[in-house]
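Because only heavy atoms are used, hydrogens play no part in the values below, and waters and symmetry mates are left out as well, while side chains stay in. Fair warning: this is a prediction, and the values are worked out from it, not measured in the lab. Letters A, B, ... mirror the listed sequences (proteins, then strands); counts begin at 1.
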2 protein chains.
Amino acid sequence: MSLRHAILTLLATEPGSGYDIVQHFKQSLGYFWNAKHQQVYQELRRLSEDGWLACQLDAQSDKPDRKVYSLTRAGLAELQRWQAEPAAPNKINDALLVKLYGGALAEPDNLVGELERHRLTHADTLTRLQAIEQQYRALSAAEQAQQRLPYLTLRRGILGEQAWLAWADEVLAELKGA
Amino acid sequence: MSLRHAILTLLATEPGSGYDIVQHFKQSLGYFWNAKHQQVYQELRRLSEDGWLACQLDAQSDKPDRKVYSLTRAGLAELQRWQAEPAAPNKINDALLVKLYGGALAEPDNLVGELERHRLTHADTLTRLQAIEQQYRALSAAEQAQQRLPYLTLRRGILGEQAWLAWADEVLAELKGA
DNA sequence: GTCGGCATGTAAGCTGTTACATGATTGA
DNA sequence: TCAATCATGTAACAGCTTACATGCCGAC
């Protein structure tokens, strides 16, 4: 599993609550990591039990209390141990491609509609990621240098979404043309 | 779950054994669906229990016996029902990007090595997919028409791998340059 | 004779999803 | 008043991985 290590990675840069982590996944980082709040809260508990995270209660007057987690020395060591070991190739299970593959048995219009629906969300994601890229480009050279690696992961999102859209256009042209 | 429906999709085109299905996932279809044999055999049993698959024993003299599965009428109906319902956007969990994101805490050389290692396997996959594309292009117009939808999924694999490689080159240039 | 391919499975355990649960504050 | 945001969780279940298990055949 690497959810544990995704969480450690986020908290290594900046301490935060379970809620914060989930927001990261929902917003900027969703193109490379996803998890539901239920899973995140459970992992935070386990990571604390393992001694990799320390927790501090942050009482807020107007909002619910927050549990702010940060890495312990053991947590940082564990993160670095994980970083040093080779990562397995990514597992892909894409239901949309299964549908397209077997689309001869389905309503043709349905397939087109489905692709157009997905196209919209991918186009949205691309716009969102490009907006983040613009923010990065507006930073000073020093700030850019600091954000260099997260920026390179952002580039993966952008290039990935562009490729997805180019493919979808190819497919839609084919499906509508013939 | 869509493993059930991935299996139904494969068997709808052509009846086959669990082993056949696993080979498909290992070879051509791995860029959009993956499953281990243990999971496939279990699903085949469940799909039979649900009445969506029929099974026929194929006794071979030189090789182990095969259980050849094919769709029942109910199985086809279920597949079409699933095809008509909207697909959820794809979930992505990419450990390599997590490593890159938090790479400031790791050995820089390790990161480069890791990326180069992954680069090789992606380049291999691309070569393999392009070979399949060449086979497709060599087919007659009639045969191409029949294979049109699977071919469009193959294009996804090709465009996806090309984008991945373009990104990796960008990243490696950055990491080595600076 | 050992390794890889063919061909099938069971069982235990880990990971991830869905359903259920609470409760305050703020804006429409 | 209704919905959304902030903020946390438990419990049951579904999905997937890892380990274990068998046995024949052909090639090196």
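Using a 4.0 Å cut-off between a side-chain N of Lys or Arg and a carboxylate O of Asp or Glu, Lys176(A) and Glu116(A) qualify as a salt bridge.
One interatomic measurement links the two molecules: CG of Asn34(B) to C1' of dG15(D), which rounds to 15 Å at whole-angstrom precision. Atom CG in Asp50(B) sits roughly 14 Å away from atom C1' in dA14(D) (whole-Å rounding). The distance from atom CZ of Arg45(A) to atom C1' of dG9(D) is 10 Å, rounded to the nearest whole Å. To the nearest angstrom, C1' of dT5(D) lies 9 Å from CD of Gln23(A). As rounded to whole Å, 10 Å separates atom C1' of dA7(C) from atom CG of Asp20(B). Counting to the nearest Å, the P atom of dG23(C) and the CZ atom of Arg66(A) are 21 Å from each other. Note: CD (Glu43(A)) to C1' (dT17(C)) measures 14 Å, nearest angstrom. Atom pair Gln42(B):CD and dT10(C):P shows a separation of 8 Å (rounding to whole Å applied).
At a cut-off of 3.5 Å, with distance as the only test, no side-chain donor of Thr121(A) or Asp124(A) sits close to an acceptor on the other residue. Side-chain polar atoms of His5(B) and Gln83(B) form no donor-acceptor pair below 3.5 angstrom.
Between dT10(C), dT17(C), dC16(D), one nucleotide has an atom nearer to the side chain of Gln39(A) than all others, and that is dT17(C). Comparing dT18(C), dG9(C), dA7(C) by their closest approach to the side chain of Pro64(B) singles out dA7(C). Distances from the side chain of Tyr69(B) to the nucleotides dT8(C), dG9(C), dT10(D) place dG9(C) closest. For Tyr19(A), counting side-chain heavy atoms from C-beta on, the closest listed nucleotide (dC16(D), dT5(D), dT17(C)) is dT5(D).
Lys99(B) forms a cation-pi arrangement with Trp82(A), by the criterion of a distance under 6.0 Å to the ring centre and an angle within 45° of the ring axis.
Under the 30°/60° scheme for interplanar angles, the aromatic rings of Trp164(B) and His122(B) are found to lie parallel.
Dashed line: the shortest gap from a side-chain N or O of Lys36(B) to OP1 or OP2 of dT18(D) is under 4.0 Å. Between Tyr41(A) and dG9(D) there is no side-chain N or O to OP1 or OP2 distance below 4.0 Å.
Between His37(B) and Asn93(B), the one whose closest nucleotide on DNA chain C sits nearer the 5' end is His37(B). In terms of position along DNA chain C, the nucleotide closest to Val68(B) lies nearer the 5' end than the nucleotide closest to the other residue of the pair Lys91(B) and Val68(B).
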